[in-house]
There are 2 protein chains.
Amino acid sequence: MIENRRQVRTDGTGNADILETAAQCFMEQGFSATSIDDVARRLGATKGRIYHYYSSKTDLFFDVHREGMERLFQAVEPVMGIEGTGVVRLRAMLTAHAMAMMANAAFEAVVVQGVHMHRMAATTPDQRRTLDDLIAIRRRFESLFKQVLQEGVDDGSIRNVDISISAKAMLGAINWLSVWYRPAPDETEADRQMLAERIVTTQIDGIRS
Amino acid sequence: MIENRRQVRTDGTGNADILETAAQCFMEQGFSATSIDDVARRLGATKGRIYHYYSSKTDLFFDVHREGMERLFQAVEPVMGIEGTGVVRLRAMLTAHAMAMMANAAFEAVVVQGVHMHRMAATTPDQRRTLDDLIAIRRRFESLFKQVLQEGVDDGSIRNVDISISAKAMLGAINWLSVWYRPAPDETEADRQMLAERIVTTQIDGIRS
DNA sequence: GCAAGTGCATACTACCGAGTATGTTGTGAA
DNA sequence: TTCACAACATACTCGGTAGTATGCACTTGC
């Protein structure tokens, strides 16, 4: 039964709406301040609909978290393989990451919250496993940047910095977008691109040889 | 009556313990997941003690927030007036900020949460006013950095960057410490200094002329 | 056309947590 | 010594919320 609910995750009927709405609520009010009824009301539905797909509020949150991570990977991984030195590829990855943070503000805000929850007391063993999975995914994401950073150091395009600290600082500067970034009413893709490139340029110039 | 409770804020009897413990709880579990009973239990006391000093959970949170901001100001403002070019002073300020983030991890984690709450629905008009105050204080803190950034651009020690975006990115890289930094068991002041300087150096090198 | 399941809504329960009302004990001033 | 008040503890209330049990229309394979 629970396994069925898990599998429903990626089919695109009412589920995508639930995920999107839940992401909005979690972004605005946080996990524990958001009630299932809040999400349902915003959907124009009732709890029944949500509990039909998700067996608990925590599971719903985790699924939003997972979707947020998937979107980050889909944004960053493709540009990871482009031609160029380490610094060129890293710049492209960071820019893609920043763009994804803005394009999926709600989901990525949940991802940021999820990082905070790493120490959370996940009630059921099943949830604990899911949480550990998410932590591992997050680590893998960070290691993408560390890897290219290292390659940049090796090919001489990046200074000999502390990989781990530099990665955390750069990703921090970008992730911090989820704290202060709010889409302007008449904002275009080009505006976001400009913003992303300015942030990334500062970070890149801090480590380039 | 309420005014009395406000005034008690800075006397140092049991109040400081409440503030410290509350900061710990808010850091670990977040605002809404933390119950007053949680804080009381951790104090080895009961709700009565807390409600004797604070009229609501929100007020307690705001007071922790304010204390966190005060500590940041006390760390950064003194070094703002040192001798040197803009880039030299900015480096000192950022380093002091990073050190304060680590030294007061619990309080600063609450400050970060407070930023998220800017859109919160503060119930009473009194709380709304307090929240607006905190927002203003936060703006003033950010403007300290913007000011020195501008002076650095003017005296030629800093490149001609977008002041607002650069400030947010640099502060973001440092504030992100509250997400991933956890004090190591045998950590010394020197260790933290080393970490702070590495993060700050990357940021400074990104904007220096 | 019917049985079995899907996709919800409705109607509950049980509990937790914020805030309150009311003790109780110490303590300093007069 | 006593009175007033501070500094809590104890014992409640009551609204909100996660989760459940059940009902009900609608579809789909057979």
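Residue numbering restarts at 1 for every chain, and letters A, B, ... go by the order of the sequence lines.
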Taking the minimum atom-to-atom distance to the side chain of Thr46(B), which one of dT10(D), dC8(C), dA7(D) wins? dT10(D)
Closer to the 5' end of DNA chain D via nearest nucleotide, is it Ala45(B) or Arg41(A)? Ala45(B)
With sequence neighbours excluded, tell me which residues meet side chain to side chain donor-acceptor pair (under 3.5 Å) with Thr34(A). none
Using the 3.5 Å cut-off, write out each protein N or O paired with an N or O of nucleotides 18-24 of chain D and the distance between them.
unit_1, atom_1, unit_2, atom_2, d
dA18(D), OP1, Thr34(A), O, 3.4
dA18(D), OP1, Lys57(A), NZ, 3.1
dA18(D), OP2, Ile36(A), N, 3.0
dA18(D), N7, Lys47(A), NZ, 2.9
dG19(D), OP2, Tyr51(A), OH, 3.3
dG19(D), OP2, Lys57(A), N, 3.1
dG19(D), N7, Lys47(A), NZ, 3.1
dG19(D), O6, Lys47(A), NZ, 3.0

Got a sec, which residues hit side chain to side chain donor-acceptor pair (under 3.5 Å) with Thr46(B), two or more places apart in sequence or on another chain? none
Mind checking side chain to side chain donor-acceptor pair (under 3.5 Å) for Ser35(A) and listing every partner two or more places apart, or none if nothing turns up? Asp38(A)
Write down the distance between OH (Tyr54(B)) and C1' (dC8(D)), rounded to a whole number of angstrom. 15 Å
Reckon Tyr53(B) has a side-chain N or O less than 4.0 Å from the OP1 or OP2 of dA6(D)? no
Whole angstrom value for the distance that separates C1' of dA7(D) from CG of Asn15(B): 12 Å
His52(A) side chain near dG7(C) phosphate (N/O to OP1/OP2, under 4.0 Å): yes
Assess whether atom CZ of Arg182(B) is packed by more than 12 heavy atoms of other residues, nucleotides or ligands within 6.0 Å. yes
Write down the distance between CZ (Arg49(B)) and C1' (dA6(D)), rounded to a whole number of angstrom. 13 Å
State which residues pass ring-ring contact (aromatic ring centres under 6.0 Å, His included) with Phe145(B); sequence neighbours excluded, sorted by chain then number. His97(B), Phe141(B)
Measure CG/Leu60(A) against P/dT17(D) and give the value in whole Å, please. 16 Å
Name all pairs fulfilling the salt bridge (charged side-chain N to carboxylate O under 4.0 Å, His left out) condition that reach into residues 191-207 of chain B, sequence neighbours left out, sorted by first residue then second. Arg159(A)-Asp205(B), Asp162(A)-Arg198(B), Glu187(B)-Arg192(B), Glu189(B)-Arg192(B), Asp205(B)-Arg208(B)
